Amino acid sequence: MQSSVVTKEELIRMGFRPNQAKTILHEARQIMVKNGKKYWANPRLQVAPRAIIEDVILGIPLDDWRNNDDSN
């Protein structure tokens with residue numbers, strides 16, 4: 001079963017560079033804050049909601065991203 005959040009380490013394992021992973025998490029957390037979820041404003045959080053990353057930032061499910069990365 002997949003977790004409802006994604007960590008920086010997971011993104012790095014998927015092929016993103018560390019700074020890219022950090023930026024993706026930051027952008028996802030900012031979207032949550034704009035939606036009124038103040039919990040996500042903590043800059044020390046190294047996780048972000050999977051749904052936000054998949055739908056808004058990457059545009060595809062993370063499983064598909066992982067499969068696309070494996071085929072290269």
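A quick note: this is a predicted structure, and the numbers were derived from the prediction, not measured. Computation of the quantities below employed the complete heavy-atom set of this structure, encompassing side-chain atoms and omitting hydrogens, waters and symmetry-equivalent molecules. The first residue of the sequence shown is numbered 1, and numbering continues consecutively from there.
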(request) Dump the intermediate steps for side chain to side chain contact (heavy atoms under 4.5 Å, CB included) on Y39 and L45, then the final yes or no. (result) CA-CA 10 Å; Y39 168 79; L45 282 177; 3.7 Å; yes
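- Distance check: K8 NZ to I24 CD1 gives 11.5 Å after rounding to the nearest 0.5 Å.
- In terms of hydrophobic clustering, with Ile, Leu, Val, Met, Phe, Trp and Tyr side chains grouped at heavy-atom distances under 4.5 Å, V5 and V33 are assigned to a common cluster.
- Contact record, L25 with A48: CD2-CB, 3.6 Å, taken as the closest heavy-atom pair.
- Scored by the side-chain contact (heavy atoms from CB on, under 4.5 Å) test, Q30 finds H26 as partners (sequence neighbours excluded).
- Rounding to the nearest 0.5 Å places CG of N19 at 4.5 Å from OG1 of T23.
- A pairwise comparison of heavy atoms in P49 and M32 identifies CG-CG, 3.7 Å as the closest pair.
- By the side-chain hydrogen bond (donor to acceptor under 3.5 Å, both in side chains) test, T7 pairs with E10, sequence neighbours left out.
- Interatomic distance, NZ of K22 versus CZ of R17, reported as 14.5 Å (0.5 Å rounding).
- With hydrogens and angles ignored, the 3.5 Å screen pairs a side-chain donor or acceptor of N42 with a backbone N or O of R44.
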